[in-house]
Trainee: 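Here it is, the structure in full.
Note that ligands are numbered from 1 as they come in the structure, with each ligand's atoms numbered from 1 the same way.
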Amino acid sequence: MKRETVPLVEFLKETKGSILILTHENPDGDALGSAMALYLFLKKKGKDVTVGCKDRIPHFLDFIPHSEEVVSLPDGRFYDIGIIVDSAGFYRAGTEVKVAKRIRIDHHVGGEFYGRYDYIDPKAPATASLIYELISAWDEFEIDKDIATCIYAGLATDTGFFRYSNTNEYTFELAKKLVHWGADPNYVYRMFAERESLGKMKLISKVLETLTLYEDGLVAGITIFDRFFKETGTEYSDSEGLVNYPRSLEGVEVAFALIEKPDEGIWKVSLRSKVNVDVSKIAERLGGGGHKYASGAKIEASSYQEALDKLLSEIHKQLELQKIVS
Ligand code: 5GP
Ligand code: MN
């Protein structure tokens, strides 16, 4: 990926307005890492900047430098500029956002466009790499250990710690620079992967009991009922990553996790694929979105069976369209 002139950089250099940087609801490492890196950088540049999110920062992300400065949204304030990161649109904030101008920095395919200051590149391995490009087009020397750690956390998590198909020469080149500026790969890995609670292990055990194969083993799914969280003393953010269990099975092309969200009256689905199936198409037909290999949606259904049927029928349709089943 070639560094280009980023119109957003010139705009941000000039502005004296108030800026709100926000992530999607239930933030992941790329969303929060990207938001915090941009926030810390703009603060260094003397900008009037706030970072906000609808949800509380989950335990697995609480090591991200300065994450305690994230403001809970909605905060009642009106901002001149809103910059949403790692999200297909402002609707992904999951809350009302009061900003005069909307800007999006993201690496999802499609989504909403707000104008010439959007910085969107679906080929970027992570939104965090776009934040790096933006910062380096402005002033690379401002990248300190905290900013490097935020960008590294986003890059590492969205590439499955440098294992997914978005891992390439560029990814490693960027990782090398970030380590040079002070990011510690072992520290970030330990923070993400080696701070689980006993409750989370018990949750995994319950969830694995629900593992079911469909379509002659091409599809595997798990279900996370709300009572599982209550029974194990865990919460929604503990479901992050569990969809990798069904994906890890040999022969599986599409994996899903169906998560009950009674507070919103919906079922959240996480979809993953390996090599062939474009799960973003399935998610889009369910009203969501994402990437070819990782996407998600919210399914409105009055029962578990109805949600599952809707999901399985859309998965089947995609397998047919791609001539994987007839
Ligand atoms: P996850 O399954 O980890 O929640 O999300 C995987 C990918 O799908 C992420 O890139 C995420 O942004 C996207 N995604 C997840 N849920 C939704 C949703 O409800 N709507 C849209 N548009 N994208 C989603
Ligand atoms: Mn991302």
Trainee: Let me know which of T23, D86, I131 forms a side-chain contact (heavy atoms from CB on, under 4.5 Å) with D30.
Mentor: D86

Trainee: Give the atom name of whichever N/O/S atom in D86 sits closest to the Mn ion (ligand 2).
Mentor: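 In D86, the heteroatom (N, O or S) nearest the Mn ion (ligand 2) is OD1.
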
Trainee: Only one of I315, V254, L308 passes side-chain contact (heavy atoms from CB on, under 4.5 Å) with Y214; say which it is.
Mentor: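 Single pass found, and it is L308.
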
Trainee: With distance as the sole criterion, is a donor-acceptor pair present between the side chains of T171 and N168 under 3.5 Å?
Mentor: yes

Trainee: Among all protein heavy atoms, pick out the one at the shortest distance from atom 11 (C) of ligand 1; state its residue, atom name and that distance to 0.1 Å.
Mentor: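 Looking at atom 11 (C) of ligand 1, the protein heavy atom closest to it is R92 NH2, 3.7 Å.
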
Trainee: Please state which option from R272, H107, H108, E240 has its nearest heavy atom closest to atom 3 (O) of ligand 1.
Mentor: R272

Trainee: Are E284 and ligand 1 in contact, using a heavy-atom cut-off of under 4.0 Å?
Mentor: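 Checking ligand 1 against E284, which is what was asked, there is no heavy-atom contact under 4.0 Å.
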
Trainee: So, of the N/O/S atoms that D30 has, which is the nearest one to the Mn ion (ligand 2)?
Mentor: OD2

Trainee: Where on H24 is there a heavy atom closer than 4.0 Å to ligand 1, on the side chain, on the backbone, on both, or on neither?
Mentor: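 No part of H24 is near ligand 1 at this cut-off.
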
Trainee: With a 4.0 Å cut-off, would you call K206 and E209 a salt bridge?
Mentor: no

Trainee: As an exercise, identify every atom of ligand 1 less than 4.0 angstrom from a heavy atom of H291.
Mentor: 10 (O)

Trainee: Are any of the side-chain nitrogens in D62 or R195 under 4.0 Å away from the carboxylate oxygens of its partner?
Mentor: yes

Trainee: Is there a donor-acceptor contact under 3.5 Å linking the side chains of E235 and S237?
Mentor: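 Judged by distance alone, the side chains do pair up.
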
Trainee: For the pair K43 and E69, find out whether any cationic side-chain nitrogen is under 4.0 Å from an anionic carboxylate oxygen.
Mentor: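 Salt bridge flag = yes for E69 with K43.
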
Trainee: Heavy-atom contacts with S270 under 4.0 Å: which atoms of ligand 1 show up? List them by number with element.
Mentor: 1 (P), 2 (O), 4 (O)

Trainee: Can you tell me which residue and heavy atom of the protein come closest to atom 19 (O) of ligand 1, and the distance to 0.1 Å?
Mentor: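 Ranked first by proximity to atom 19 (O) of ligand 1 is A297 CA, 3.6 Å.
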
Trainee: May I ask you to identify the nearest protein heavy atom to atom 17 (C) of ligand 1, giving residue, atom name and distance to one decimal place in Å?
Mentor: G296 O, 3.3 Å

Trainee: Is D158 close enough that one of its N/O/S atoms sits under 2.8 Å from the Mn ion (ligand 2)?
Mentor: yes

Trainee: For Y91, which part has a heavy atom under 4.0 Å from ligand 1: side chain, backbone, both, or neither?
Mentor: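 Y91 to ligand 1: side-chain contact only, backbone stays beyond 4.0 Å.
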
Trainee: Are side-chain N/O atoms of E140 and Y132 paired as donor and acceptor at under 3.5 Å?
Mentor: yes

Trainee: Please determine, by modelled atom types, if D75 and Y79 share a side-chain donor-acceptor pair under 3.5 angstrom.
Mentor: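 Yes, Y79 and D75 have a side-chain donor paired with an acceptor closer than 3.5 Å.
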
Trainee: Which residue supplies the protein heavy atom nearest to atom 16 (N) of ligand 1, what is that atom called, and how far is it?
Mentor: K268 NZ, 3.0 Å

Trainee: Check whether any N, O or S atom of H107 sits under 2.8 Å from the Mn ion (ligand 2).
Mentor: yes

Trainee: Using only heavy-atom distances, determine whether the side chains of Y304 and T223 contain a donor-acceptor pair under 3.5 Å.
Mentor: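 Distance-only check passes for Y304 and T223.
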
Trainee: How far is atom 13 (C) of ligand 1 from the closest protein heavy atom, and which atom is that?
Mentor: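 That would be G289 O, 3.5 Å.
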
